[in-house]
Amino acid sequence: MSALRTHDDTWDIATSVGSTAVMVAAARASETASADPLINDPYAKLLVAGAGTGIWEMLLDDTLVDKVEAIDAEVAAVYHHMRSYQAVRTHFFDAFFADAVAAGIRQVVILASGLDSRAYRLDWPTGTTVYEIDQPKVLAYKEQTLTANDVTPAAERRTVPIDLRQDWPAALTAAGFDPAAPTAWLAEGLLMYLPAEGQDRLFEQITELSASGSRIAAETAGNHRSDERRQQMAERFKKIAEMVGLTQSLDIQDLIYQDEDRASVRGWLDEHGWRAASQPSTAEMRRLNRWVDVSVTDDADAFSEFVTAVRS
Ligand SMILES: C[S@@+](CC[C@H](N)C(=O)[O-])C[C@H]1O[C@@H](n2cnc3c(N)ncnc32)[C@H](O)[C@@H]1O
């Protein structure tokens with residue numbers, strides 16, 4: 001269950017689930033501007049700048065983080081962790097796409113693409129088509145912002161403005177997707193915003209559209225966190241936001257489906273015609289020297305895994 005969601009809710013870039021796309025883009029902008037960045041997303045800052053004001057400004061302004069540090073060091077650690085986590089996650093999935101195109105795949109689908117600028121910033125071989133699926137207003141905002149700043153895609157980019165709980169396979173096919181060609185799929189920052197049965201349905205649909213040799217990469221939703229712990233953290237974040245003068249209009253945890261019976265992504269894929277591998281995001285953060293200790297944020301099981309799979 002999620003506190004704020006309905007089965008057919010919609011949003012733009014500044015509201016509800018749309019605003020989570022701004023949050024993660026702000027983390028990428030911050031990492032890109034840092035002294036020793038792990039990733040380079042030159043468009044993230046631009047995309048965040050036009051999306052209004054919000055709690056994500058904390059990630060863009062080191063003086064605000066310093067203020068938070070002085071008030072509540074554990075809350076500040078959560079921000080540091082988030083920035084590092086997003087950098088590591090972006091780095092991991094950038095490498096996934098580099099490997100996929102090196103293996104000859106030329107059809108890419110980014111599910112819930114939000115403010116992901118990979119279609120514009122990655123080094124795609126000639127002949128690559130990148131499909132992006134997200135809610136209509138989210139895709140429109142990104143396209144308008146980048147076009148207004150003369151940023152052009154680095155591949156053939158096709159948008160599929162539709163909710164992933166609707167008949168997106170039909171919309172994707174209508175946009176030119178070829179189910180006979182191997183595809184590289186990405187589900188990053190998405191599964192937690194779908195209920196458990198919606199996640200299963202999504203993977204069934206992807207599997208039906210995936211020719212042999214297709215690949216998929218996904219960030220798992222992470223495990224259920226206790227309501228009591230979430231409530232405590234939400235209150236601390238709200239208090240801090242007020243103290244540093246930012247508006248926290250919503251708590252992201254309230255947008256997430258905290259379904260305890262969610263299928264294991266790796267297990268599901270292995271049982272449905274894919275060969276899957278997974279690793280804890282915590283291990284990848286440590287491997288890249290990006291681990292930030294967040295004692296307030298639960299046990300290791302609460303963190304996501306990065307799953308990759310190849311269709312047999
Ligand atoms: C946390 S953002 C991640 C965006 C992008 N994948 C990234 O990592 O930068 C979540 C995105 O999922 C999209 N999303 C969530 N549920 C969706 C649904 N049912 N249909 C379409 N898009 C959805 C939101 O609009 C938002 O852009």
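Atoms within a ligand are numbered from 1 in the order they appear, just like the ligands themselves.
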For this session: Return yes if a side-chain donor-acceptor contact under 3.5 Å exists between Y257 and E197, otherwise no.
Result: no

For this session: Decide if atom CG of D123 counts as having more than 12 heavy atoms of other residues, nucleotides or ligands within a radius under 6.0 Å.
Result: no

Taking the six-membered ring for Trp and the single ring otherwise, decide whether the centroids of [X] and [Y] are under 6.0 Å apart.
X: F306; Y: H91; value: no
X: W185; Y: F93; value: no
X: W124; Y: F97; value: yes
X: Y141; Y: W11; value: no

Is [X] in polar range of ligand 1, meaning some N or O pair under 3.5 Å apart?
X: D134; result: yes
X: A112; result: yes
X: E188; result: yes
X: G18; result: no

Exercise. Heavy atom of R89 under 4.0 Å from ligand 1?
Worked result: yes

Exercise. Applying a strict 4.0 Å limit to heavy atoms, is R28 in contact with ligand 1?
Worked result: yes

Exercise. Would you call D72-R236 a salt bridge at under 4.0 Å N-O?
Worked result: yes

Numbering as shown, the atoms of ligand 1 that approach [X] to under 4.0 Å (heavy-atom distance):
X: G114; answer: 4 (C), 27 (O)
X: W11; answer: 14 (N), 15 (C), 16 (N), 17 (C), 23 (C), 24 (C), 25 (O)
X: T20; answer: 1 (C), 2 (S), 10 (C)
X: V17; answer: 15 (C), 24 (C), 26 (C)

Exercise. Nearest protein heavy-atom contact for atom 21 (C) of ligand 1: which residue, which atom, what distance?
Worked result: L164 N, 3.6 Å

Exercise. What residue and heavy atom of the protein are closest to atom 19 (N) of ligand 1, and at what distance?
Worked result: D163 OD1, 3.0 Å

For this session: Apply side chain to side chain donor-acceptor pair (under 3.5 Å) to the pair D116 and S113, showing each step before the final yes or no.
Result: CA-CA 5 Å; D116 180 337; S113 57; over 6 Å; no

Problem set entry | From S117, G189, S113 - option closest to atom 5 (C) of ligand 1 by heavy atom | S113

Problem set entry | CE on M285 to NE2 on H81, rounded to 0.5 Å | 4.0 Å

Exercise. Looking only at heavy atoms, is any part of M23 under 4.0 Å from ligand 1, and if so is it the side chain, the backbone, or both, or is it neither?
Worked result: neither

